[in-house]
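These notes are about the structure you will find just below.
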Amino acid sequence: MDLGDLRKQIDSVDEQIVSLYEERMDICKHVAEVKIETGKKVFDREREKEKIARVKSLTHNDFNRTGIGELFEQIMSMSRKLQYQLLAEKGSMGRLPFIGVDSLVDDRVRVVFQGAEGAYSQAAMHQYFGEEVNSFHVDTFRDACCAIEEGSADFAVLPIENSTAGIVNEIYDLLVEFENYIVGEQIIRIEHCLLGVPGTRMEDIRTVFSHPQSLMQSARFLAEHDWKQISLPNNAFAARKVAQEGDCTQAAIASEYAGKVYGLEVLKKPVNQSETNSTRFIIITNQKIFRKDAKKVSICFEIAHESGSLYHMLSHFIYNNLNMTKIESRPIEGRNWEYRFFVDFDGNLADSAVKNALRGLRDEAQNMRILGNY
């Protein structure tokens, strides 16, 4: 046979595969109807494992055995997604425990931010809630989460990601530890300044204080000088420390606003290497609410530590035509080399495609949490 004849044979087999696939999916529709009537779950992990093992046993060599396993994993994944879609159409998906609201901002809310007067978190808070918002500050990110938990604050403003230094790991971990939800975000441009007590000269400086990420964002500038670098929990703390101690051998890297608050002189600006340096802040609360015009969903989930697990989870976004904008992983405490995944994607909790994807993700993950819609 020549290549053309062989290709015709493949085309004939492919047509049969397509026909059988459609026949299988039609049967899956009836399976979904039975599950709707009986209240059974779509995903039966043990049944699928048995099915994969059986079809692999029908093959005649190791190469085909692996291929058939992958093929049927995909077929059953598509079958589940069809069943989730039908559940949504029949109104059997259930309601998500989140309430849509028109606005988060009113005269009664109280907001907490981490740091001190002059912190970038304060600037983000003012941009989101307005200059006159009722607010207070705490020393740590954990303190901010606790303030919401105990009811002394309605919302907290926390930095979650910088365009130069990357994610703030602690915030991701706190989102899992505390039952808080993201309801908004605010991105602000970061312009770090080198601040010192009035009269300080660059040659006087021996020690520089700032937040670890701010030091990282200013690494190129700092590499030009033989200065000791000391990390503090917040840039504003650094500015306050330099002002209080009044030592010309000390300087802080913080915002120009922080310098004005504590009476420091700007020795150089900007000192961060990126002219487009920005930080994304999230607004969190312990209420299960979301703005009705929200456009981004954040979730986290854990999956089995085996080949293909993450791929199958992410396929729910593809099948429902949802644009995934970010994925991060963090180690799971007490389980070495296992990770929790954090995903952001475009959508609103009221959208049917979002509900469909979340149903599939919830069924197939070891556990899954909606972190917010904003």
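Only a predicted model underlies this, so the values are computations on that prediction, with no experimental measurement involved.
- At most 12 non-hydrogen atoms from other residues, nucleotides or ligands lie less than 6.0 angstrom from CD of E179.
- In this structure a side-chain-to-backbone donor-acceptor pair under 3.5 Å is present from D204 to R201.
- For K326, the NZ atom counts as densely surrounded, since its 6.0 Å shell holds more than 12 non-hydrogen atoms of other residues, nucleotides or ligands.
- Between D363 and Y84, the side chains place a donor N or O and an acceptor N or O closer than 3.5 Å (distance only, hydrogens not considered).
- Contact check for D346 versus T325: side-chain heavy atoms found under the 4.5 Å cut-off.
- Side-chain contact between E265 and T200 is absent, with no heavy-atom pair separated by less than 4.5 Å.
- N367 CG: more than 12 foreign heavy atoms inside a 6.0 Å radius.
- Using modelled atom types, one finds no donor on one side chain facing an acceptor on the other under 3.5 Å when comparing Q85 with N356.
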Derivation of the side chain to side chain contact (heavy atoms under 4.5 Å, CB included) call for V297 and F290: CA-CA 10 Å; V297 180; F290 66 100; over 6 Å; no
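- Once rounded to the nearest 0.5 Å, the distance linking CG of L158 with CD1 of I171 reads 4.5 Å.
- Hydrophobic cluster membership differs between F209 and V271, with clusters built from Ile, Leu, Val, Met, Phe, Trp and Tyr side chains linked at under 4.5 angstrom.
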Pair R220-E224, salt bridge (Lys or Arg N to Asp or Glu O under 4.0 Å): steps then yes or no: CA-CA 7 Å; R220 290 179 196 165; E224 298 171 3; over 6 Å; no
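- Q127 and Q186 form a side-chain donor-acceptor contact under 3.5 Å, judged by distance and modelled atom types alone.
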Stepwise side chain to side chain contact (heavy atoms under 4.5 Å, CB included) check, F221 with K268: CA-CA 10 Å; F221 167 72; K268 184 175 177 60; 3.4 Å; yes
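- More than 12 heavy atoms of other shown residues, nucleotides or ligands fall within 6.0 angstrom of atom CZ in R65.
- When every heavy atom of V109 is checked against every heavy atom of D154, the shortest pair comes out as CA-OD2, 3.3 Å.
- Below 30°, between 30° and 60°, or above 60°: for F129 and F155 the angle between ring planes is between 30° and 60°, a tilted geometry.
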Side chain to side chain donor-acceptor pair (under 3.5 Å) between S79 and R24, intermediate numbers included: CA-CA 8 Å; S79 298; R24 191 184 198 283; 2.9 Å; yes
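- Scanning all heavy atoms of the two residues, the minimum distance from V42 to Q83 falls at CG1-OE1, 3.8 Å.
- Salt bridge K8/D11: absent, no basic N to carboxylate O contact under 4.0 Å.
- Counting only N and O atoms by type, the side chains of E191 and N272 include no donor and acceptor under 3.5 Å apart.
- A donor atom on one side chain and an acceptor atom on the other are found under 3.5 Å apart for E117 and Q122.
- The existence of a salt bridge linking R280 and D344 is confirmed by a sub-4.0 Å separation between a basic side-chain nitrogen and an acidic carboxylate oxygen.
- In this structure, L310 and L314 have side chains that are in contact, with non-hydrogen atoms separated by less than 4.5 Å.
- In I99, the CD1 atom is not crowded: 12 or fewer heavy atoms of neighbouring residues, nucleotides or ligands sit closer than 6.0 Å.
- Put simply, the side chain of H225 never gets that close to the backbone of W227: no donor and acceptor are under 3.5 Å apart.
- Y311 and L361 fall into different hydrophobic clusters, where Ile, Leu, Val, Met, Phe, Trp and Tyr residues are linked whenever their side-chain heavy atoms come under 4.5 Å apart, directly or through other members.
- Between the side chains of S77 and K81, a donor-acceptor pair is found at a separation under 3.5 Å.
- The two atoms that bring A353 and L322 nearest to each other are O-CD1, 3.9 Å, heavy atoms only.
- Around atom CG of N321, no more than 12 heavy atoms belonging to other residues, nucleotides or ligands sit under 6.0 Å away.
- A donor-acceptor contact closer than 3.5 angstrom is absent between the side chains of N286 and N180.
- Between E50 and R54, none of the side-chain N atoms (NZ, or NE/NH1/NH2) sits under 4.0 Å from a carboxylate O, so this pair counts as no salt bridge.
- Transitive grouping of hydrophobic side chains (ILVMFWY, heavy atoms separated by less than 4.5 Å) keeps F341 and I332 in distinct clusters.
- Donor-acceptor pairing under 3.5 Å is recorded for the side chains of N162 and T279.
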Working for side chain to side chain donor-acceptor pair (under 3.5 Å), residues Q114 and N234: CA-CA 8 Å; Q114 183 269 340; N234 188 273; 3.1 Å; yes
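- More than 12 heavy atoms of other residues, nucleotides or ligands sit less than 6.0 Å from atom CD of E170.
- Residues I190 and V157 fall within the same hydrophobic cluster, defined by Ile, Leu, Val, Met, Phe, Trp and Tyr side chains chained together at heavy-atom separations under 4.5 Å.
- If you look at Y120 and H192, their ring centroids are closer than 6.0 Å.
- Salt-bridge annotation for K296 and E185: present, with a side-chain N of the basic residue lying under 4.0 Å from a carboxylate O of the acidic one.
- Counting only heavy atoms from C-beta outward, the side chains of N169 and R330 approach each other to under 4.5 Å.
- Between L358 and I370 the shortest side-chain heavy-atom distance falls below 4.5 Å.
- Side-chain polar atoms of H126 and E132 form no donor-acceptor pair below 3.5 angstrom.
- Residues H312 and E73 bring a donor and an acceptor atom of their side chains to less than 3.5 Å of each other.
- A ring-centre distance under 6.0 Å is found for F98 and Y181.
- The two atoms that bring S255 and L195 nearest to each other are O-CD1, 3.6 Å, heavy atoms only.
- Between I167 and F342, every side-chain heavy-atom pair lies at or beyond the 4.5 Å cut-off.
- Taking the side chain as every heavy atom from C-beta outward, E302 and M368 never approach each other to under 4.5 Å.
- When every heavy atom of D293 is checked against every heavy atom of N348, the shortest pair comes out as C-ND2, 4.2 Å.
- Residue E150 qualifies as enclosed at atom CD: its count of foreign heavy atoms under 6.0 Å is above 12.
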Stepwise side chain to side chain contact (heavy atoms under 4.5 Å, CB included) check, M202 with L267: CA-CA 7 Å; M202 296 281 281; L267 306 179; 4.2 Å; yes
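- Checking each of K41, R80, R45 against E364 for a salt bridge (charged side-chain N to carboxylate O under 4.0 Å, His left out) leaves exactly one that passes, namely R80.
- Here the shortest heavy-atom pairing between A239 and Y262 reads CB-CD1, 3.9 Å.
- No salt bridge links R291 with D102; every basic N to acidic carboxylate O contact stays at or beyond 4.0 Å.
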Audit row: E328, Y172, side chain to side chain contact (heavy atoms under 4.5 Å, CB included) steps and yes/no: CA-CA 9 Å; E328 297 285 350; Y172 280 88; 3.8 Å; yes
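- Residue M324 is grouped with residue V354 when hydrophobic side chains (ILVMFWY) are merged at heavy-atom distances under 4.5 angstrom, including chains of intermediate members.
- With a 4.5 Å cut-off on side-chain heavy atoms, S135 and M125 count as touching.
- With hydrogens and angles left out, the side-chain atoms of T249 and D247 include a donor and acceptor closer than 3.5 Å.
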